[in-house]
Number of protein chains: 2
Amino acid sequence: MGVRRFSRILPVTKPPVHDPRRTLTLRDVSEASGVSEMTVSRVLRNRGDVSVATRERVLEAARSLGYVPNKIAGALASQRVNLVGVVIPSLSNMVFPEVLAGISETLEDTGLQPVVGVTNYSPEREETVIYEMLSWRPSGMIVAGLEHTEAARAMLAQAGIPIVEIMDIDGEAVDSAVGISHRRAGRQMAEAIIASGYRRIAFLGTMMPHDHRARKRLQGFEEALAKAGLTLADQEFYSGGSALLKGREMTEAVLKRSPDIDFLYYSNDMIGAGGLLYCLAQGIDVPGKIGLAGFNGVELLDGLPRRLATMDACRLEIGRRAAEIIAGKHAGTIGGEVIELFPTLQAGDTIRRA
Amino acid sequence: MGVRRFSRILPVTKPPVHDPRRTLTLRDVSEASGVSEMTVSRVLRNRGDVSVATRERVLEAARSLGYVPNKIAGALASQRVNLVGVVIPSLSNMVFPEVLAGISETLEDTGLQPVVGVTNYSPEREETVIYEMLSWRPSGMIVAGLEHTEAARAMLAQAGIPIVEIMDIDGEAVDSAVGISHRRAGRQMAEAIIASGYRRIAFLGTMMPHDHRARKRLQGFEEALAKAGLTLADQEFYSGGSALLKGREMTEAVLKRSPDIDFLYYSNDMIGAGGLLYCLAQGIDVPGKIGLAGFNGVELLDGLPRRLATMDACRLEIGRRAAEIIAGKHAGTIGGEVIELFPTLQAGDTIRRA
DNA sequence: GTGAAAGCGCTAACAC
DNA sequence: GTGTTAGCGCTTTCAC
């Protein structure tokens, strides 16, 4: 962004607010209310029987002092931490916020709180994030993907808490897993495309060595092509920048280079949307002359002039199921669960009816 | 999403992995290495002088055991927590992930870690999130917006740590603040629009009673209109659903209802983009017959057939500055800073040149 | 360069 | 129903 910015520091109009004074403790509430620390603790946690009178006195004291319990001390003493670590590669891909939404929603009435860590698709960064999270002794961990460093896998396996790897099931899980088979998804899309009569098929995707799920989709896609005696007619990769714009640019590049292409398979909906806008602007007959498909089923597609073919990645459901496993809602099981979800192919308006 | 899904639970192929055994402690490392707990602690924190030999022995023991330090105990003992609470209204509005990126980037080499909480634009939820976060005794808090419940303000003020309210500076900050004046932003956009000769101006926005910043922009916008002797010719509000789609629908509704409208001001870029796509599809002369403008400067706009006029909200910069304040990089100040950033108006291709 | 003792602020377990 | 005691696993401080 080559945008110039100006800033000024306004004069301080009031005294500094955060004098690092000692924060309040149970003892303070105890003294203010004339009730023992232990009973104060009970009131504040709604544990055990406390007379209404004492309870009121304690709550009043706590409220008027502005007491906020120290969970660090509480967690150390009780050996319980109401935190669930969630490790994802990115927040700018809307897929992950949606998974998070599913997790939060399900965790809401369990007293558990998700804590998010972002890895930017870097295995080393992931290892660090996992280490940092485990050092807070969370009640469970939800980690995107099945591919981790040796050390990360070892730490997770050692942690003694439920671990759920999400999004993908094509591989070996540390403990539990909830996701779809991306390889199968790629295969299915290829089969649908071939069945609709397309033959000169190109792939356009991200150049991210660590996006294993995109890689597996492409792999499955090529497997199905091979079974039909086909190979990819062209490929184009990108990294960084506005996905929508990259989609336009890559599409233009591919169509200029290989004018006889009749199908464009994108590794995600955002670049697919860019490609769709480009084709429409060029007056290309979609899906007559050229068909298009993406992956993810993102909400954005609803607003486009034509509905891009895609596959729903079951994001919300994945989040929910993973959270349920952590919350121990699957009675009778103690880890080791693998839940496969099955995405639906939405043909939209960019694949010819077979 | 009316998508059917199927799932099955695959048979467990391996023994459950997370038997909740006791996790390792410093003592375990101490015993395994034959070095005192204290020295082990020093090695693991790189504190004080330790002989190379002992250091090696300790690290080897820790590594082979797979020891992960317990930060809960560490934090309690040292009274230091390397966490920074970040409270934002939403993750699905790309604005906030970008602010987060700025925060993470700046915090990276300070040893501080951001922990994110999401409020869904609910003041009560915000109060809860703030309470929960403060109970972990973070080193600082970054909170979106200046409007909070009484209790939330009180807690923040009491916490004894640096508090930075971000995004907005039109109001009273608890401690420090970094943001732009949304009222001024609305005013500026209105002035630009009027200067370009538009007169029949409509507003299209979210119906979110707690989106104070959108409200302030509209307010500033109307002020500037009034100064020019104008009032809004029409308005339309929405909530929920795909913003891009809503943008199309709202635009259609407004243009049908008020055919003489010559400008559409959107409260965010996403609905603005939907409106733009609608106008282009209808063959409306943009910006000749109708002008359009949004707010935020989102990356997505780069991929659209035409560049929507917008104002950059300085998201990355806001994140960076806020993090710098928390990290204590503004030497000589102890809170109470207010940093105003000045967004740039990007006229794009959807406002007539004056 | 290394170790021993005390205690961070809470809660589990038990007494009364 | 309420209080007392003993830690939780580290780090601080001070001694050696």
Proximal nucleotide (of dT2(D), dT2(C), dC10(D)) relative to the Thr54(A) side chain: dT2(D)
Under 3.5 Å donor-acceptor, Asn82(A) side chain and Leu112(A) backbone: no
Per Met38(A) side chain, nearest of listed nucleotides dT4(D), dG1(C), dC8(C): dT4(D)
Interatomic distance where CD belongs to Glu31(A) and P belongs to dG9(C) [whole Å]: 13 Å
Integer-rounded Å distance: dT11(C) C1' and Lys71(A) NZ: 14 Å
Separation of atom CZ in Arg45(B) from atom C1' in dG9(D), rounded to whole Å: 12 Å
Crowding at CZ, Arg45(B) (>12 non-hydrogen neighbours, <6.0 Å): yes
Spacing between Leu44(B) atom CG and dT11(D) atom C1', to the nearest angstrom: 13 Å
Heavy-atom closest pair, residues Ala144(B) and His148(B): O-CE1, 3.8 Å
Residue closer to the 5' end of DNA chain C, Thr39(B) versus Arg137(B) (nearest nucleotide): Thr39(B)
Atom pair distance, as rounded to whole Å: CH2 in Trp136(A) and C1' in dC10(D): 12 Å
Short side-chain N/O contact to dC10(D) OP1/OP2 from Gln79(B), under 4.0 Å: no
Under 3.5 Å: donor-acceptor pair, side chain of Asn70(A), backbone of Ile72(A): yes
Candidate nucleotides dT4(D), dG1(C), dA12(C), ranked by approach to the side chain of Ser36(A) - the nearest: dT4(D)
Length of the line joining Arg80(A):CZ and dG9(D):C1', which is rounded to integer Å: 17 Å
Residue Ser78(B), side-chain heavy atoms: nucleotide from dG9(D), dG1(C), dT11(D) that is nearest: dT11(D)
Structure string for DNA chain D in dot-bracket form, Watson-Crick and G-U at under 3.5 Å, | interchain: ||||||||||||||||
Length of the CG-C1' vector between Leu24(B) and dG9(D), whole Å: 12 Å
dT11(D) OP1/OP2 closer than 4.0 Å to side-chain N/O of Ser41(B): yes
Any side-chain heavy-atom pair of Ser33(A) and Glu60(A) under 4.5 Å: no
Whichever of Ile72(B) and Arg47(B) has its nearest DNA chain D nucleotide further upstream toward 5': Ile72(B)
Leu146(B) and its side-chain contact (heavy atoms from CB on, under 4.5 Å) partner, picked from Arg153(B), Arg213(B), Glu165(B): Glu165(B)
Residue-phosphate contact under 4.0 Å: Tyr67(B) side-chain N/O, dG9(D) OP1/OP2: no
Ala77(B) side-chain proximity, nearest of dT11(D), dT2(D), dG9(C): dT11(D)
Integer-rounded Å distance: dA12(C) P and Leu76(A) CG: 12 Å
Distance-only polar pair, side chains of Ser36(B) and Thr39(B), donor-acceptor under 3.5 Å: yes
Under-3.5 Å donor-acceptor pair between Arg42(A) side chain and dG3(D) base: yes
Asn70(B) side chain, from C-beta outward: closest of dT12(D), dG9(D), dT2(D): dG9(D)
Under 3.5 Å: donor-acceptor pair, side chain of Thr106(A), backbone of Gly102(A): yes
